[in-house]
Amino acid sequence: MTFVTRFAPSPTGYLHIGGARTAMFNWLFARHHGGRFRLRIEDTDRKRSTPEAIEAIIEGMRWLELDWDDEVVYQSNKSKRHAEIAHELLKRGAAYNCYATPEELEKMREEARAEGRHASYDGRWRDRNLAEAPPGISPAVRLKTPQEGETILNDLVQGEVRVANEELDDMVLLRSDGTPTYMLSVVVDDHDMEITHAIRGDDHLTNAVRQAQIYQALDWKLPEFAHIPLIHGPDGAKLSKRHGALGIGAYREMGYLPEAMRNYLLRLGWSHGDDEIISTQQAIEWFGLETVGKSPARFDFQKLENLNGIYIREADDHRLVDMVTAGLINATGRELNQIHLDRLKLAMPGLKERAKTIPELVENARFCVETRPLDLDTKAQKLIDDEARIRLALLRSCLDTIDDWIESTLDETLRAFAASEGIKLGKIAQPLRAALTGRTVSPGIFDVLLVLGREESLARISDIGSTL
RNA sequence: GUCCCCUUCGUCUAGUGGUCUAGGACAUCGCCCUCUCACGGCGAAAACAGGGGUUCGAGUCCCCUAGGGGAUGCCA
C-alpha cells in the first residue's frame, strides 16, 4: 500500500512558517515511503479566500522545493460531492435537519458555558418530527453523533486521545444555505483523495475527534492522524506578525536559503539523535513520525541565521554570484559590467565565509563594484592618518614593482614591507584594507588585492594618497 | 468556564528504569588561531516545573498541583 499525504492550507493569507513545516513533514513522510504528496487548497470560505493567497502558498512551496504529486485539488470544486454525502447521511437517518436560529444557538452557548459544559448545542431538532419545521426557514444539516461512550483516536504523534461523546454536540455538516462545512469537506476530500496519513497542526487535534465521528457515520476507514505541535513565537505565545508569522516569502527576502529554512524547520519538533546539519536527502532517508516531539517549539532567528551561514558557505559560487548581482543592482541602482562580475566570482569564496544572509553578502561584496574614488566609512577614515598615508604611498611603489600579481608574491611583498618599516603586518594591512574597500572589515587582504587586480588596487591606493 | 494536549540548559533538542556526576547544537562568556571580520579549535556557565507515589533504583512509569498551548463557530 502506498502512503498518500497532503498539505491542505486555506488560502486566507500567505504560507506561514507553521504551514511550511506542516507541508514539509507531509512531503518528507511521503518521499521517505515512496508515496505521494498532494496539495489541496481549502477555499470553501469564499469570502476570505483570495487568488493572491493561493499564489503565495504555491510560490512558497516552490521556493522551498516541496514538489507535490498530481494536480492541485480545490475544495470549492467539490462542494456538490460534499453535499451529496450529507444528503445520503440524512437519508440514512444518521443526520438531521436543524432549524435552530442563530439567536437560539447563541443562547445555548451562553448557558453551556455558565453551567460549565463543553458541548453547547442541545440537540433540540435531533428527534423532532419534520412536520414541526418552521416555515420559511431553511435548515442546517447536523450529524447525529453518539451520545454515550467515547471517541478514541490513536494519533501517531500525540498517542491515544479519548473524548467522552457527551462532550461533543451534533456538528453542522451542511449550512442552511446548503454549503458544506469544513468538518465535512475535509473528511470527504481526504477519503476521495485516498489520503492515508493526515499530518497537520496540533490545533486540529480536537477536530480530528469530531471528524472520526463522521468517518464512523459513513463507515469509512479513518486515515492515520499525526498532529504536530505548533510553532510559537520567542515569548512562547502564539506566533504573531511581530515574531515570525511572516509569510515564507518574507524569509526569502530576508536572505535565507531554502535549504537552510528546510533544515531549520526540520529540527523544530523533529530530531535524529544529535544531528543538526541534515541535508534534504538525508532527511528523506531518516524522516519518521516516531521522533516528532510532542511539545510546541519556539521560533529562534539566531539558530536559523546560524544554519543559513552554514548553507551559504556550502552553496555554489555561481548561484551566490547571481543572487548577489541582483542584490547589488538593486542596492546601487547601477548595472554591473563584466569586470564587476569577474570580481564577484573571484571574491565569492572569501565573501561567503563571512555572511549569514544574502543581504549581508551583498553588503560585503560592494567593494567589488564600487566606483573610484571610494567613500570610506567612518571607521575606515580613522585608519587613514598621516602616518598611514605615507606608508600607503611607500607601499604603492613597492606593489608597483610586482610583475606577477599572485597571492604568494603579494604576501611576500607585504610582509617584507612591514618588516622594513618595523611594524606588524596588521599595521599596514588595515589602512590598505580601508583604501581598497572603504571598510575595516573585508575578506583577507591578499584576496582583496587579487580580486581588484593590479590596476584597480594601485589606483585605489593612489586615491587615498592624493587626498593628502 | 469546560474539554483536549504539552512541560529536560535562555532557545532547539538527545534521553524509551540502572551506562545521567543528564549529552549535542544555537546564543552568551573566556582563551587560541589571525592582516580585519568571519570560520575553525579549546574551555566555561547553563536544565530534568513542583509535590506525592510505584520500584532495590525514576529525567524516564502513575497521580495531583502549577504553568503554557489548543479547542469550544451554520471559520478553515
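Here is the naming used below: chain letters follow the sequence lines, and residue numbers restart at 1 for every chain. Quick caveat: nothing in here was measured; it's all calculated off a predicted structure.
- Base-pair partner of B/U19: not found among the strands shown (Watson-Crick or G-U wobble, both distances under 3.5 Å).
- Summarising the geometry, the separation between NZ on A/K356 and P on B/A27 is reported as 6 Å, rounded to the nearest angstrom.
- Distance CZ (A/R267) to C1' (B/C26): 10 Å, rounded to an integer number of Å.
- Residue A/P9 is classed as having no contact, given no heavy-atom separation below 4.0 Å to the nucleic acid.
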Could you run down the sub-3.5 Å N/O contacts of the protein with nucleotides 4-6 of chain B?
residue	atom	partner	partner atom	Å
B/C5	O3'	A/Q158	OE1	3.4
B/C5	O2'	A/Q158	OE1	3.1
B/C6	OP1	A/K294	NZ	2.7

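- Distance CG (A/L265) to P (B/U13): 12 Å, rounded to an integer number of Å.
- For the P atoms, the distance linking B/C33 with B/C42 amounts to 15 Å, nearest Å.
- With hydrogens and angles left out, the side chain of A/S442 and the base of B/C37 share no donor-acceptor pair within 3.5 Å.
- Comparing the same atom, P, in B/C9 and in B/G15 gives a spacing of 16 Å after rounding to whole Å.
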Pairs under 3.5 angstrom, nitrogen or oxygen only, protein versus nucleotides 42-47 of chain B, please.
none

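- A cation-pi geometry, defined here as NZ or CZ lying under 6.0 Å from the six-membered ring centre and within 45° of its normal, holds between A/R142 and A/Y121.
- By the neighbour-count criterion of 12 heavy atoms within 6.0 Å, atom CG of A/D375 is sparsely surrounded, having that number or fewer from other residues, nucleotides or ligands.
- Between A/R113 and B/U72 there is no side-chain N or O to OP1 or OP2 distance below 4.0 Å.
- Atom CZ of A/R298 is separated from atom C1' of B/G68 by 8 Å (rounded to the nearest Å).
- Between the side chains of A/Q213 and A/R210, no donor-acceptor pair is found at a separation under 3.5 Å.
- Comparing the C1' positions of B/G30 and B/U54 gives a spacing of 46 Å, expressed to the nearest Å.
- Mapped onto RNA chain B by nearest heavy atom, A/R117 and A/H272 fall at different nucleotides, with A/R117 at the one closer to the 5' end.
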In residues 417-425 of chain A, what donor-acceptor pairs under 3.5 Å come from side-chain atoms, sequence neighbours left out?
residue	atom	partner	partner atom	Å
A/S420	OG	A/F417	O	2.8
A/E421	OE1	A/R391	NE	2.8

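- The ring pair (Phe, Tyr, Trp, His ring centres under 6.0 Å) test with A/W270 singles out one residue from A/F25, A/F287, A/Y264, and that residue is A/F287.
- Across every strand in view, B/U11 sits in a pair with B/A25 that passes the Watson-Crick or G-U test at under 3.5 angstrom.
- Across every non-hydrogen atom of A/V157 and A/G293, the tightest pair is CG1-O, 3.7 Å.
- Nucleotides B/U13 and B/C6 have their P atoms positioned 15 Å apart, rounded to a whole Å.
- Taking atom C1' in both B/C48 and B/U7, one finds a spacing of 10 Å when rounded to whole Å.
- Between B/U36, B/G23, B/A76, one nucleotide has an atom nearer to the side chain of A/V441 than all others, and that is B/U36.
- Residue A/M183 places its side chain closer to B/A76 than to any other of B/C74, B/C35, B/A76.
- Ring geometry for A/F299 against A/F301 counts as perpendicular: the plane angle is over 60°, on a 0 to 90° scale with 30° as the lower cut.
- If you check every strand for non-hydrogen atoms under 4.0 Å, A/T44 touches sugar and phosphate atoms only.
- If you run ring pair (Phe, Tyr, Trp, His ring centres under 6.0 Å) between A/H197 and each of A/F7, A/F29, A/F225, only A/F29 comes through.
- A/G201 comes within 4.0 angstrom of nothing in the nucleic acid, heavy atoms only.
- Remark: A/K345 NZ is loosely packed, at most 12 non-hydrogen atoms of other residues, nucleotides or ligands lying under 6.0 Å away.
- Phosphate proximity of B/A27 to A/N306: present, with a side-chain N or O under 4.0 Å from OP1 or OP2.
- Between B/G10 and B/A46, the two P atoms lie 10 Å apart (nearest whole Å).
- Looking only at atom types and distance, the side chain of A/Y14 has no donor-acceptor partner in the side chain of A/E52 under 3.5 Å away.
- Toward the 5′ end of RNA chain B lies the nearest nucleotide of A/Y264, the other residue of the pair A/D43 and A/Y264 mapping further downstream.
- The nucleotide whose nearest atom lies closest to any side-chain atom of A/N207 is, among B/U36, B/A76, B/C26, B/A76.
- Taking atom C1' in both B/U8 and B/A58, the straight-line distance is 14 Å, to the nearest Å.
- At whole-Å resolution of the value, CG in A/L105 and P in B/G73 are 9 Å apart.
- Within the nucleic acid shown, A/S120 comes within 4.0 Å of sugar-phosphate atoms alone, with no base atom in reach, counting heavy atoms only.
- Base pairing of B/U34: no nucleotide in any strand meets the Watson-Crick or G-U wobble criterion (both distances under 3.5 Å).
- At B/U36, none of the side-chain N or O atoms of A/T440 fall inside 4.0 Å of OP1 or OP2 (strictly under the cut-off).
- In this structure, A/E104 pairs ionically with A/R124, as a charged nitrogen and a carboxylate oxygen lie closer than 4.0 Å.
- Atom NZ in A/K303 sits roughly 14 Å away from atom P in B/C9 (whole-Å rounding).
- Note: CZ (A/R109) to P (B/C3) measures 19 Å, nearest angstrom.
- Side chain of A/H204, nearest nucleotide from B/A76, B/C35, B/C74: B/A76.
- Using N1 to N3 plus N6-O4 or O6-N4 for Watson-Crick, or N1-O2 and O6-N3 for G-U wobble, each under 3.5 Å, B/G1 pairs with B/U72.
- For A/R415 and B/C35, the shortest distance from a side-chain N or O to OP1 or OP2 is below 4.0 Å.
- A/E148 CD: 12 or fewer foreign heavy atoms inside a 6.0 Å radius.
- Rounding to whole angstrom units, CD1 of residue A/I312 and P of B/C37 are separated by 20 Å.
- Between B/U19 and B/U2, the two P atoms lie 42 Å apart (nearest whole Å).
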